[in-house]
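By convention here, the first residue in the shown sequence is residue 1.
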Amino acid sequence: MREVRITTIDEPGLEDFAGLTDVALRRVTEPEGGLYIAESLKVITRALAAGHRPKSILVIEKWLDGLRPLLADHDIPVYVGEPDVLESLTGFNLHRGALASMHRPPLVSPESLLTTARRVVVLEDIVDHTNVGAIFRSVAGLGADAVLVSRRCADPLYRRSVRVSMGTVLQVPWARLPEWPRAGEILHEAGFHLAALALDDRAVDLADFAAAVPDRVALMMGAEGSGLSREALAASDSVVTIPMGNGVDSLNVAATSAVVLWALRER
């Protein structure tokens with residue numbers, strides 16, 4: 001690593017970190033752009049452990065010692081500055097100490113992920129980055145093998161998703177699915193039972209489904225409000241619901257993922 005002390009935001013090489021508002025961040029980290037931002041030493045550690053390649057690092061002085069052993073084998077610039085300088089550059093308080101500009105790994109095909117997986121989560125058109133990150137954290141902690149996301153689903157590697165997931169989006173395998181009905185065909189060809197989480201007249205209680213869960217199951221979850229599309233429901237083999245009370249019909253999709261994965265966990 002090459003330490004570069006900065007006292008001004010005009011230092012060459014800082015372009016990846018400039019003005020990281022939510023809107024600007026989307027432009028910086030679009031999948032075709034080839035980069036994503038990892039925030040905090042914990043997330044950077046997980047990114048490096050997953051084999052992702054850093055491009056450059058931005059760090060507050062007092063956090064530098066924690067980075068040195070992580071980057072000993074990487075010939076990249078590490079920009080070091082005081083909190084007020086870094087905040088003027090990024091547009092927010094860098095209270096987690098460090099940001100890394102990381103090269104995005106190549107996307108894998110859904111077929112390759114399904115070869116050895118037994119339990120996967122399918123996210124259809126969930127555009128909220130916080131929900132996507134929280135679902136990945138549930139997947140990592142409660143034992144699913146992979147996540148498959150629709151083309152319109154929020155990018156798991158946006159900074160907010162990565163942060164909310166505590167970096168688990170960097171260790172959980174994921175891929176993008178094509179549109180329905182091809183997405184369903186891919187899952188069925190790999191031997192998966194498609195279980196849609198939805199409110200539907202044919203829905204079965206989660207406890208009943210858990211009592212006889214198929215060996216290979218894909219848990220399908222849709223966006224807040226609209227839920228799963230008609231095309232997704234048509235591709236499903238069963239519909240599962242979490243019984244609710246007090247006039248509440250459903251949980252937030254991230255909470256749903258945690259409840260369902262816990263109910264179906266390996267015992």
Output yes when a side-chain donor or acceptor of [X] lies under 3.5 Å from a complementary backbone atom of [Y], and no otherwise.
X      : Y      : result
Asp237 : Leu194 : yes
Arg137 : Ala134 : no
Ser112 : Val108 : no
Arg216 : Leu114 : yes
Thr90  : Leu86  : yes
Ser236 : Val239 : no
Ser226 : Gly222 : no
Arg46  : Met166 : yes
Glu124 : Met220 : no
His52  : Leu48  : no

Contact between [X] and [Y] at the side-chain level, heavy atoms closer than 4.5 Å - yes or no?
X      : Y      : value
Arg152 : Val127 : no
Val122 : Leu187 : yes
Asp205 : Thr241 : no
Leu70  : Leu67  : yes
Ser250 : Ile242 : no
Arg160 : Thr130 : yes
Arg151 : Glu179 : yes
Met1   : His74  : no

Considering all heavy atoms of both residues, which atom of [X] and which atom of [Y] are nearest to each other, and what is their separation?
X      : Y      : answer
Phe192 : Ala218 : CD2-N, 3.8 Å
Ser109 : Ala175 : C-CB, 4.0 Å
Ser161 : Val169 : O-CG1, 4.2 Å
Val172 : Ala140 : CG2-CB, 3.7 Å
Leu233 : Ala196 : CD2-CB, 3.8 Å

Derivation and outcome, side-chain contact (heavy atoms from CB on, under 4.5 Å), residues Ile6 and Leu58: CA-CA 10 Å; Ile6 61 171; Leu58 186 70; 4.1 Å; yes

Side-chain donor-acceptor contact under 3.5 Å, Glu185 with Trp180: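 There is no such pair (donor and acceptor under 3.5 Å, judged by atom type) between the side chains of Glu185 and Trp180.
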
Residues Asp155 and His129: side-chain donor-acceptor under 3.5 angstrom: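 No - no donor-acceptor pair under 3.5 Å links their side chains.
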
Nearest 0.5 Å please: distance from the [atom1] atom of [X] over to the [atom2] atom of [Y].
X      : Y      : atom1 : atom2 : result
Met221 : Ile135 : CE    : CD1   : 6.5 Å
Ile57  : Arg2   : CD1   : CZ    : 12.0 Å
Leu206 : Leu264 : CG    : CG    : 6.0 Å
Asp16  : Leu99  : CG    : CG    : 10.5 Å

Val253 and Ile126: CA distance, side-chain angles, deciding distance, side-chain contact (heavy atoms from CB on, under 4.5 Å) verdict: CA-CA 9 Å; Val253 66; Ile126 298 177; 3.8 Å; yes

side-chain contact (heavy atoms from CB on, under 4.5 Å) between Trp174 and Val149, worked out: CA-CA 8 Å; Trp174 66 276; Val149 302; 4.1 Å; yes

Asp84, CG atom: more than 12 neighbouring heavy atoms under 6.0 Å: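 Buried by this count: over 12 neighbours within 6.0 Å.
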
Flag if over 12 foreign heavy atoms under 6.0 Å of CZ, Arg182: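 Atom CZ in Arg182 is packed in, count exceeds 12.
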
Ring-ring centroid check His103 Tyr36, cutoff 6.0 Å: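 No; Tyr36 has its ring centre 6.0 Å or more from that of His103.
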
Aromatic plane relationship, Phe209 with His193 - under 30° parallel, 30 to 60° tilted, over 60° perpendicular: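 Rings of His193 and Phe209: tilted, 30 to 60°.
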
Criterion side-chain contact (heavy atoms from CB on, under 4.5 Å) on Leu197 and Val260, from CA distance to verdict: CA-CA 9 Å; Leu197 275 296; Val260 173; 3.6 Å; yes

Salt-bridge criterion met for Asp145 and Arg118 (N-O under 4.0 Å):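 Looking at Asp145 and Arg118, the cut-off is not met.
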
